[in-house]
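In each ligand, atom 1 is the first atom listed, and ligand 1 is the first ligand listed.
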Amino acid sequence: MNTTAKLELDGNTYELPVVIGSENEKAVDISKLRDQTGCITLDEGCGNTGSCRSSITFIDGDRGILRYRGIPIEELAERSTFVEVAYLLIMGKLPTETELRQFSQLLTKNEMIHEDLKYHFEGFPPNAHPMAILSSMINATSCFYPELLKSEPTEPFVIQVARLLSQVRTIAAFAYRKSRGLPIIYPKPHYRYTANFLHMMFSEPYQDFELEPAAINALELIFLLHADHEQNCSTSTVRMVASSRANLFASVASGVCALWGPLHGGANQAVIEMLEQIHREGDDGSKFIAAAKDKKSGKRLMGFGHRVYKNYDPRAKIIKRRCDEVLDRLDIEDPLLEIAKHLEEVALKDSYFIERKLYPNVDFYSGIIMRAIGIPVEMFPVIFAIGRTPGWIANFREVREGEGGRIYRPRQIYTGETLRPYVPLKERR
Ligand code: CMC
């Protein structure tokens, strides 16, 4: 394999180094291109741009492969837990028994938000979207830890990790309670991560919620499958903010904002709304598919397509398999599952979707499981955010501890007006 690429420009030849990753992924290193040639590269949407070197997550989108720190997602889904996966992503290795116990204890110790933060929830209108509350409250949390604002924090990073990872779940549950006008439920130290979240969401002050193992396991799986996904929109946002030396909480709060959009983490909510609309209108999905193929309709088949996967998203495969099982265990019949399966079947035989390699992504079936657990639809992106927090933290760490640590600062090709004079107000037409 050549270790350099040649570029011919204006009669000159330039040699550019080729970088090869541990899975044989190749990139042409253009970091000196502007100095050498005066040109930059243009790649709108960054579909061909490697923004960093990372050792956290590997995706082969053509073959439908996803691995965290080298371990296949299928194995982790089968044998691991969300907290263990969080440790793996952030610390770079599977924990020993003692490390896992200590990490879990640290999460428990840090599960409560500062009592004064509770009053911040009062400032939001009753129907505020929980993603707005989540991002604001994560950012506000940093105000209670002045250590974070020091340029060289002396506190061990793992303490910051434990606070954020544990409290993101507490804030999320409180945001839901607030949006329903319900009293806040405090976490219980003897519950594990996911059970504690369901307890804070659904218990009442006078009665504990009955924790159903099938529901806990299903939500745990959803958290785990969302834990990282290399340089997606929200993770790139976190890395960009982190590169300016903003603190961990500010960086992750910006990730929540980026995740909120319907083309990213908001897609799980959009999928259920789409399936509900199809159900309401008594359509078998054909009308919606026709609209999704028509660019003028402004509609897309939500939960389908992916920038990187040109094959079945491995996370969607796992969730789809788990859907029937969870609904069965919880004794729920959901007509939306049948509609989703039918949509998938029709789309996968349709030349529009075949030619563009559009397959179900992680969001296509996850909402059906969340509905079965009783999670309201506006909380779906919040669940995605809780799940993605370990990945954001791991990426934050990589930026801050990595070599070089240059601030992210892309360039642009300017397409606006050329030089022109200022026209005084009275002379303008
Ligand atoms: N329905 C209909 N057409 C689609 C869809 C879809 N869901 N997705 C892509 N296309 C078409 C698109 O119109 C374009 O067609 P053409 O080549 O004729 O112009 C072609 O497929 C390529 O699409 P693109 O917009 O260039 O692809 P992208 O890589 O920029 O976008 C995506 C990826 C995920 C934003 C997009 O597929 C989409 O909008 N999907 C629906 C939203 C969704 O499910 N998002 C969740 C993503 S997975 C979870 C996460 O990481 O956030």
Legend entry - Phe223 and Phe82 aromatic ring geometry - parallel, tilted or perpendicular at 30°/60° bounds: tilted
Legend entry - N or O pair under 3.5 Å between Lys310 and ligand 1: no
Legend entry - Side chain, backbone, both or neither: the part of Phe364 lying under 4.0 Å from ligand 1 by heavy atom: neither
Inset, instruction - Indicate the atoms forming the closest heavy-atom contact of Ala218 with Ile369, along with that distance. - result: CB-CG2, 3.7 Å
Legend entry - Parallel, tilted or perpendicular, as decided by the 30° and 60° cut-offs, for the rings of Tyr312 and Tyr359: tilted
Inset, instruction - Between Lys299, Arg300, His229, flag the one that comes closest to atom 24 (P) of ligand 1 by a heavy atom. - result: Arg300
Legend entry - From the candidates Arg356, Glu44, Arg315, the one that places a heavy atom nearest atom 20 (C) of ligand 1: Arg356
Inset, instruction - Consider only side-chain N and O atoms of Glu111 and Tyr186, and report whether a donor and an acceptor are under 3.5 Å apart. - result: no
Legend entry - Asn361 N/O to ligand 1 N/O under 3.5 Å: yes
Legend entry - Short N-O contact, Glu398 and Arg239, less than 4.0 angstrom: yes
Inset, instruction - Measure His306 to ligand 1 on non-hydrogen atoms and call it side chain, backbone, both or neither using the 4.0 Å cut-off. - result: both
Inset, instruction - Decide whether a cation-pi geometry holds between Arg406 and Tyr408; the criteria are a distance under 6.0 Å from NZ or CZ to the six-membered ring centre and an angle within 45° of the ring axis. - result: no
Legend entry - Sidechain N-carboxylate O distance under 4.0 Å for Lys317, Glu74: no
Legend entry - Polar atom proximity, Asn232 to ligand 1 (N or O, under 3.5 Å): no
Legend entry - Backbone or side-chain N or O of Arg307 under 3.5 Å from ligand 1 N or O: yes
Inset, instruction - Could you grab the distance from atom CD1 of Ile278 to atom CD1 of Ile339, nearest 0.5 Å is fine? - result: 6.5 Å
Inset, instruction - Could you list which atoms of ligand 1 come closer than 4.0 Å to a heavy atom of Tyr352? - result: 2 (C), 3 (N), 4 (C), 11 (C), 13 (O)
Legend entry - Cationic N near anionic O, under 4.0 Å, Arg371 to Glu276: yes
Inset, instruction - Would you mind running through ligand 1 and noting each atom that sits below 4.0 Å from a heavy atom of Lys295? - result: 13 (O), 15 (O), 16 (P), 18 (O), 19 (O)
Please list every donor-acceptor pair under 3.5 Å in which a side-chain atom of residues 3-10 meets a protein atom from a residue at least two apart or in another chain.
none

Inset, instruction - Just need the protein heavy atom nearest to atom 45 (N) of ligand 1, so name the residue and atom and give the distance. - result: Leu263 O, 3.1 Å
Inset, instruction - Using a distance threshold of 4.0 Å (strictly less than), state whether atom 38 (C) of ligand 1 has a protein heavy-atom neighbour. - result: yes
Inset, instruction - Could you check atom 41 (C) of ligand 1 against the protein and tell me its nearest heavy-atom contact, residue, atom and distance included? - result: Phe304 O, 3.4 Å
Inset, instruction - Quickly, which of Phe209, Tyr193, Tyr191 forms a ring pair (Phe, Tyr, Trp, His ring centres under 6.0 Å) with His199? Name it, please. - result: Tyr191
Inset, instruction - Any side chain to side chain donor-acceptor pair (under 3.5 Å) involving residues 162-171? Give me the pairs, sequence neighbours left out, ordered by first then second residue. - result: Tyr145-Gln167, Glu155-Arg163, Ser166-Arg169
Inset, instruction - Output yes when the distance from some N or O of ligand 1 to some N or O of Leu301 is under 3.5 Å, and no in every other case. - result: yes
Legend entry - ligand 1 N/O within reach of His264 N/O, cut-off under 3.5 Å: yes
Inset, instruction - Would you kindly specify which portion of Leu358 sits under 4.0 Å from ligand 1, judged on non-hydrogen atoms: side chain, backbone, both or neither? - result: side chain
Inset, instruction - Determine whether the aromatic ring centres of His306 and His229 lie less than 6.0 Å apart. - result: yes
Legend entry - Backbone or side-chain N or O of Gly303 under 3.5 Å from ligand 1 N or O: yes
Inset, instruction - Give the residue, atom name and distance (to 0.1 Å) of the protein heavy atom nearest atom 34 (C) of ligand 1. - result: Gly305 O, 3.6 Å
Inset, instruction - For Asp363, take its heavy atoms, then give the atoms of ligand 1 lying under 4.0 Å from any of them. - result: 46 (C), 48 (S), 49 (C)
Legend entry - Note: Arg329-Glu212 ion pair, threshold 4.0 Å (strictly below): no
Inset, instruction - Over 60° means perpendicular and under 30° means parallel, so classify the ring planes of His120 and Phe144, tilted if in between. - result: perpendicular
Inset, instruction - Would you check the N or O atoms of Val362, main chain and side chain alike, for any that come under 3.5 Å of an N or O of ligand 1? - result: no
Inset, instruction - Considering the heavy atoms of Ala292, write down every atom of ligand 1 situated less than 4.0 Å from one of them. - result: 2 (C)
Legend entry - Any Gly45 heavy atom less than 4.0 Å to ligand 1: no
Inset, instruction - Specify whether the nearest protein heavy atom to atom 26 (O) of ligand 1 is under 4.0 angstrom away. - result: no
Inset, instruction - Report yes or no: does Met302 have a heavy atom closer than 4.0 Å to ligand 1? - result: yes
Legend entry - Ala267 neighbourhood, listing ligand 1 atoms whose heavy-atom distance to it stays under 4.0 Å: 43 (C), 44 (O), 45 (N), 46 (C)
